[in-house]
Structures are given as C-alpha cells and as structure tokens.
Amino acid sequence: MTLFISLIKFYLNQMLRRLFWLYKLSISELGSGIQLEFPIIREGRGDLKIGNNSYISKNVNFGIDEKSILILGSNSKINNNAVILVNKNCSFTIGNDFILGEGTRCYVKKDWKFGNYVKIETNCSIFGRESEKSGKLNIGNNSSIGDYTIIDVVDDIYIGNDVAIGPNSTLYTHDHIYTDKNVPAWKGGLISKPIIIEDGAWVGSGVTILPGVTIGKRAVIAAGSVVTKNVESNSIYGGIPAKFIKTI
C-alpha cells in the first residue's frame, strides 16, 4: 500500500511539473511556425524569446532566472536533452540559424552573445568551472564547435567569425597557484586570463588551449596540440607545446 501511494504521489508530481512547464512556455514570447516536442522544461522567472520557424526537441531544459533573458533567433534548432541555464541578471542572445547539439550544456553566468549560423555539436560543456568568477562568451557568425568540447568560461572568451573548433578540444581560461604547500595544488589561488580566437582560424580535434592565448586570423592548430602561447595569423602551429611549423 505504501508503495502504491508513493507511485501516485510521484506521477501526480510529474504531471503538475509538466503543467507548470507548459504554462511557462505559454507566457514566453514564441514566434510563428515553431515546432515543439514535449516534454520541454521551462523554469525560472526570466524571459524567453524564440524566433520564427525554430525547433525545440524533447527534454530540452530552459532555466532562466529572474531579471534575465534568453533570446533565440529564427530558424534555430535545440536538440534532445540540451540544457541552457541563465543566471540572475544575465542575458544570452543568439542569432538566427543556431544549432545546439544533443546533450550539450550551457550555463550562463554573465552576458553571452552568439552571431548567426553558429553550430555547437553534441555533448559539449560550456560554463565556468570555478564558482568565484565567470566570464563572457562571444561567438561570431558561421562558427562551429565540435562534439565533446569543453569551454571553460571562468574568464572572457572571444571566438570570431568563421572559426572551426574540432571535437574533443578544451579551452581553459583559468589555472591555480600551486606553490602554496599548505593546500592541495589544485586548491591554490585562482588565476584567470581570456582566450581570443580570431576570424577564420581552424583548431583541430583534441586541441587544448590554455589561459591568455590569442590565436590569430586564419591560423591552423594541428590536432592534439597544446597551445600555451599566442599564435601568429596565417600560420600553422602544432605539438606539445604547440610551436610554429610554417606560414600559410
């Protein structure tokens, strides 16, 4: 009997939650021609705007805190189990023809802005990995990020137009002071520096980019490299650590 009552409570709770999500969607600003696959999670006191002819798949999670806004441009597609959480007093503005892959997570703790035709593939993790600081993320037009990429937005990251980042890459904007022997090496004081990837750059698969690096226009980073220093425009770099190979 106790199990039966527990099951009833569980399913009743699930039904009420889904009704609440539907209500929150109904008071959002939705354009024409939108396709929705339920259930879609829509929580928080912030504002949601979705442009015309966009597609939102099932189990997508929109969490938008108070005094915050998520603007999704027209002709965009958010795939199964993707998560976008926007913290209080933040904005996340996305241009037209955006694609967010299945299982990708975006946790927004400062203002972010994406251009048109941005594509982020499956199972990417895009958020700051330290609670004490968060940065801004700007991505230009026609840029793409490959599957399973980690983008650590503790500090600001600027990704220009027509940039390609291969799968399984990692962008780190923070480090720790590991010289204090009284604490574990990874618990030392936080150091953060921005990352800039300029227009037309191509970052190969499995590349790690460390804090403070600028990758110049149309530069190419060979697969599997670790980039510790700035990369010149129109050049090829590769290796661990990445070094100049030749001019394009």
Side-chain angles (χ1 to χ4, degrees), residues 100-101 103-107 109-110 112 114 118-140 142-181 183-248:
L100 188 64
T104 287
R105 300 172 295 160
C106 297
Y107 302 160
K109 295 183 178 180
K110 266 195 176 178
W112 290 10
F114 293 0
V118 172
K119 185 177 184 180
I120 300 175
E121 298 287 1
T122 63
N123 298 299
C124 295
S125 298
I126 307 176
F127 54 87
R129 283 170 157 68
E130 296 291 333
S131 59
E132 59 198 273
K133 186 177 180 184
S134 295
K136 297 180 179 180
L137 175 61
N138 286 350
I139 301 179
N142 304 303
S143 291
S144 63
I145 295 170
D147 306 275
Y148 293 95
T149 289
I150 296 172
I151 299 180
D152 165 46
V153 198
V154 169
D155 211 315
D156 296 344
I157 296 178
Y158 172 80
I159 298 172
N161 300 316
D162 302 297
V163 171
I165 298 175
N168 296 293
S169 293
T170 303
L171 280 65
Y172 277 122
T173 60
H174 84 277
D175 200 349
H176 291 275
I177 300 170
Y178 49 80
T179 54
D180 184 352
K181 296 182 180 179
V183 297
W186 59 276
K187 287 187 177 181
L190 182 68
I191 303 171
S192 71
K193 297 178 182 178
I195 289 174
I196 299 172
I197 304 177
E198 296 182 347
D199 297 350
W202 179 14
V203 177
S205 63
V207 169
T208 299
I209 301 173
L210 296 185
V213 165
T214 294
I215 295 176
K217 292 182 178 180
R218 297 195 73 258
V220 176
I221 310 298
S225 299
V226 177
V227 186
T228 62
K229 297 180 180 179
N230 292 346
V231 171
E232 298 175 9
S233 298
N234 294 298
S235 60
I236 300 175
Y237 278 64
I240 304 175
K243 296 180 179 180
F244 174 80
I245 296 175
K246 66 177 184 178
T247 299
I248 297 174

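All heavy atoms count here, side chains included; hydrogens, waters and symmetry mates do not.
Within the 3.5 Å criterion, the main-chain N or O of Gly160 finds a donor-acceptor partner in the side chain of Ser143. Looking only at distances, no side-chain donor or acceptor of Asn161 sits under 3.5 Å from a matching main-chain atom of Asp199. For Thr149 (side chain) and Gly166 (main-chain N/O), a donor-acceptor pair under 3.5 Å exists by modelled atom type.
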Kindly list each side-chain donor-acceptor pair under 3.5 angstrom involving residues 216-229, sequence neighbours excluded, with atom names and distances?
{"residue": "Arg218", "atom": "NH1", "partner": "Asn234", "partner atom": "OD1", "Å": "3.1"}
{"residue": "Ser225", "atom": "OG", "partner": "Ala222", "partner atom": "O", "Å": "2.7"}
{"residue": "Ser225", "atom": "OG", "partner": "Gly239", "partner atom": "N", "Å": "3.0"}

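Taken from OG1 in Thr173 to CD1 in Ile195, the straight-line distance is 6.0 Å, to the nearest 0.5 Å. One distance of note links OG1 of Thr214 with CG of Asn230; it measures 4.5 Å at 0.5 Å rounding. Annotation: the span from Asp152 atom CG to Leu171 atom CG amounts to 8.5 Å, rounded to 0.5 Å. The CD1 atom of Ile236 sits 6.5 Å away from the CD1 atom of Ile245 when rounded to the nearest 0.5 Å. Atom CD1 of residue Ile150 and atom CD1 of residue Ile145 lie 12.5 Å apart, to the nearest 0.5 angstrom. Atom OG of Ser144 is separated from atom CH2 of Trp202 by 11.0 Å, given to the nearest 0.5 angstrom.
Among all heavy-atom pairs drawn from Cys124 and Gly146, the shortest one is SG-O, 3.1 Å. The two residues Ala201 and Ile215 have their closest heavy-atom pair at CB-CG2, 4.0 Å. Nearest heavy-atom pair, Ser169 versus Gly206, reported as atom, atom and distance to 0.1 Å: OG-N, 3.5 Å. Summarising the geometry of Val213 relative to Leu210, their closest heavy-atom pair is CG2-O, 3.3 Å, with the distance given to 0.1 Å.
Here Tyr178 pairs with nothing under the ring-ring contact (aromatic ring centres under 6.0 Å, His included) rule; sequence neighbours left out.
Every pair passing side-chain hydrogen bond (donor to acceptor under 3.5 Å, both in side chains) that includes a residue from residues 120-136 is listed here, sequence neighbours excluded: Arg105-Ser125, Lys119-Glu121, Thr122-Asp147, Asn123-Tyr148, Glu130-His174, Glu130-His176, Lys133-Asp155, Lys133-Ser192.
Between Phe244 and Tyr237, the two ring planes are perpendicular [angle over 60°; tilted spans 30° to 60°].
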